[in-house]
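Below: the structure, in structure tokens.
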Amino acid sequence: MISQLNPEQRTAVTSSGQYALVLAGAGSGKTKVLTTRMAWLIQTGQVSPYGLLAVTFTNKAAKEMLARLTGMLPIDARGMWIGTFHGLCNRLLRAHYRDAGLPQGFQILDSTDQLAAIKRLIKTANINDEKFPAKDVQRFINAAKEKGERPETMEVWDAHRQRLVDIYQLYQEQCQREGVVDFAELLLRAYELLSRNALVREHYQRRFKHILVDEFQDTNDLQYKWLCLLAGSGASLFAVGDDDQSIYAFRGANVGNMAASERDYAKGNIIRLEQNYRSYGNILNAANALIEHNSERLGKNLWTDRGEGEPLRIIEQATDQLESQWLVEEIKALINEGGSRSDIAVLYRSNAQSRTIEHALFSARIPYKVYGGLRFFERQEIKHVLAYLRLVSNLGDDTSFMRVVNFPTRGIGARTLENLTDASREIGCSLAYGVGAVPGKGGTNLAQFVQLVKDMGSVAETVSLPELVQHVIEVSGLKQHYEQEREGAERLENLNELVNAATVFSLEENYEGMPAGKAVEPPVQADPDIMFQEAMSPLAAFLSHASLEAGDNQAKSGEDAIQLMTIHAAKGLEFKAVFITGVEEGLFPHENSLAADGGLEEERRLMYVAITRAKERLYISLAQSRMLHGQTRYSIRSRFLDEIPEACIKWLTPKVAAYSQASSSWSSGKSYPRDPYGRPETGSIAPRAPRTTSSGVQVGGQQFRIGQGVRHGKFGDGTIINLSGQGNDAQAQIIFQNAGAKTLALGIARLEIIA
DNA sequence: TTACTAAGACTTTTT
DNA sequence: GTCTTAGTAA
């Protein structure tokens, strides 16, 4: 297995030091190195499968790793510690729930659940929700946890921050009372468990001889500390990552961990994988040149022996709609050449851009798939069923209680719930236990609801997991509710799918190293840590599975379709042909990113990621005007395009020379902040100075010029600020005094020239 | 209690 | 343009 590697890959795989940092460029065989190293370590007898821990960020990556490993070696991967940070921490906490101070069946809150819990807290604790919006509080708490901070130890410098810390404290108390943990808490609890409990820590430090980390540039401070603690002084730490592909700083990832690890382990063992097996030369040259503009890189240059290939094709269109139309034509051409649709990806910076593109593809009847969006376990009907199931598992789960107490409606209104909240708080119990204290009709309805959940609980003791799920769907009234709803058919289908998911889950023999489904005997063999474990109930295991693996993020597979996704979602993927759309100042780099520290560099890395997705052909497009937030905005091409060498590029529309005079803006009468490049930092309404030096366009006997006044039957009077195209295809951008900015086809719109 | 309307937001996102 | 949320009327 080693013989198929290039020299650098081989060095990495067989590295014998205590520490190695593999700087793996895009398309350089990162996963191959990681999995081959695992296989090599096991095969050469340096470690048993149980002495190995491999951690990734996504379930997808973990599955891929496991699949490749078992493909190379005939080993039983069950019980091996290969998983996501959250999955492994969950496993750790399940095994040692008592030492971690958690109830045995603790449940996991996803981000949505967490936000709901915080909103509820803000209400019950009478916190000013204008000063402390739930979203801000959530961000504060998660950021604190990701730095490993608890309320007691946090620095406070003003009253506002003090209050935030107090809310963090209250939130922790609420979670503890309800027996739930959020995502960040999984990591922090696991870290605290290891750092405080020497017995547990030493056990795992002894056990894991080799720790392997994927996408190391995406680790946050806490994850890094967790790794260091687990590695102790004896284990080998093998980290693979690419600082140039760090695009998640906004959610706490700290690229600095790469440099820090090198410093902390003082081994200086960096291995660079720079040979790229994915893209042609022009694509790589463009990517290399672009990323050169970033400072503080560890340094790396991709190369290939595949030749230059096609140049990058860049096009500038007048509007986002024309951009999409061009996209459709180009895609048609590619397909005519014999390309398959799924080899073509259309990437964009923000989700809002997909609408126009989808519309154009739809009109042209080109099948497409949009990635991103709601995942299976995040759908509201699924979350409703899960909330009932969580209540069955733990009546004290107030978040779930509030979610379904009146869904489907059963005459329990806001007033009744307010009474219940007050009563429960006074008694000091959870909502379900406080229903007796609510008088009147509301109280009766509440009592009936709690009885309903209790009845589900007794059924749970006698039937299998899928049977229970089916039962809950029926007696909760959810089934009936969606049967009556006009658009309920798909939701009903999803409910059936949930029963299937439960069936599949209960057939699995183990979950996170623990017995799952029908708790099988004997328990998972050969995992030495089984001695710490008590079997989790199948229901609790299923619920935790649902929180941790929200399901596929992709549209239904099957049909051969164009792939539409954000650049973030494209990381790790590759396509024969890639279109990067909307490459304009203000959008990409996004204007909001410029204010953030290191924001521009992260945007540039994002562009780097986008470029390196392409194997054969790369198209970049931009539009001079685009509908965004219901307004037309004008912008100039992204500075990133000026950072790519002309030698790699073929401009499909002429490259406009300089932008120094151009401005891009939303509304007149303001002055615009400038970035260090002397460019406007934000987009806006005042039309920018026309760029096309066109002397005018002749259509239907009329001569249109930039700056000319025109009158439209519907929009009124306005001024032409830009012209494009020729003859009947000519388009004009016009700012109407009352109707705002419009792009009109001169051959169609009836315009009257005025003074 | 529900259903409708108005107002405001709105970069990227896995677990 | 589209979604979520808060407020109000039926």
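Labels below follow one simple rule: chain letters A, B, ... track the order of the sequence lines, proteins then strands, and each chain is numbered from 1.
Between A/I247 atom CD1 and B/dT14 atom C1' the separation is 12 Å, expressed in whole Å. Distance CG (A/L628) to C1' (B/dA9): 13 Å, rounded to an integer number of Å. As rounded to whole Å, 15 Å separates atom P of B/dT13 from atom CD of A/E215. Put simply, CZ on A/R139 is 11 Å from P on B/dT11, counting in whole angstrom units. Between A/L188 atom CG and B/dT15 atom C1' there is a gap of 15 Å when expressed in whole angstrom units. Between A/K135 atom NZ and B/dT11 atom P there is a gap of 11 Å when expressed in whole angstrom units. Rounded to a whole Å, the OH atom of A/Y248 is 6 Å from the C1' atom of B/dT13. Separating the CD atom of A/Q114 from the C1' atom of B/dT14 is a distance of 13 Å, rounded to the nearest angstrom.
For the residue pair A/E381/A/N494, the side-chain donor-acceptor check at 3.5 Å is satisfied. Side-chain polar atoms of A/Q114 and A/D182 form a donor-acceptor pair below 3.5 angstrom.
Put simply, A/N59 has a side-chain N or O that comes within less than 4.0 Å of OP1 or OP2 on B/dT15. Of the side-chain N and O atoms in A/T409, one or more sit less than 4.0 angstrom from OP1 or OP2 of B/dT2. Taking 4.0 angstrom as the limit, A/S111 places none of its side-chain polar atoms (N or O) nearer than this to OP1 or OP2 of B/dT13. Contact between the side-chain N/O atoms of A/R251 and the OP1/OP2 oxygens of B/dT15 is not found at any separation under 4.0 Å.
Judged by atom type and distance alone, A/T58 does not reach the base of B/dT15 through any side-chain donor-acceptor pair under 3.5 Å.
Every residue meeting the salt bridge (charged side-chain N to carboxylate O under 4.0 Å, His left out) condition with A/E602, not counting sequence neighbours, appears here in chain and number order: A/R605.
Residue-level contact check: A/D182 touches neither bases nor backbone, having no heavy atom under 4.0 Å from any strand. Here A/I412 lies in heavy-atom contact (under 4.0 Å) with sugar-phosphate atoms only. Here A/K571 lies out of heavy-atom contact (under 4.0 Å) with every strand. A/N406 comes within 4.0 angstrom of sugar-phosphate atoms only, judged by non-hydrogen atoms across all strands, and of no base. As judged by a 4.0 angstrom heavy-atom cut-off over every strand, A/A569 is placed among residues making no nucleic acid contact. Looking at heavy-atom distances under 4.0 Å, A/S547 makes no contact with the nucleic acid at all.
Separating the NE2 atom in A/H384 from the NE2 atom in A/H481 is a distance of 8.5 Å, to the nearest 0.5 Å.
Both A/T416 and A/E603 sit near DNA chain B, but only A/T416 has its closest nucleotide nearer the 5' end. Position along DNA chain B of the nearest nucleotide to A/A352 versus A/F57 favours A/A352 as the more 5'-ward residue.
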Kindly list each side-chain donor-acceptor pair under 3.5 angstrom involving residues 411-422 of chain A, sequence neighbours excluded, with atom names and distances?
residue	atom	partner	partner atom	Å
A/T421	OG1	A/L417	O	2.6
A/D422	OD1	A/R425	NH2	3.4

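With salt bridges taken as basic N to acidic carboxylate O contacts below 4.0 Å, none links A/D221 and A/K145.
The number of heavy-atom neighbours closer than 6.0 Å to CG of A/N128, taken from other residues, nucleotides and ligands shown, is above 12.
A stacking contact links A/H590 to B/dT11: the aromatic ring centre lies within less than 5.5 Å of the base's six-membered ring centre, and the planes differ by less than 30°. Stacking of the aromatic ring of A/F250 onto the base of B/dT12 is found: the ring centres lie under 5.5 Å apart and the planes are inclined by under 30°.
Scanning DNA chain C 5' to 3' for nucleotides with an atom closer than 4.0 angstrom to a non-hydrogen atom of chain A gives a first and last hit of C/dG1 to C/dT5.
Of the candidates B/dT2, B/dT15, B/dT13, B/dT13 carries the atom nearest the A/N351 side chain, counting heavy atoms from C-beta on.
In this structure, the ring of A/F588 has its center no less than 6.0 angstrom from the ring center of A/Y348. Remark: aromatic rings of A/F640 and A/H293 are distant, center separation not under 6.0 Å.
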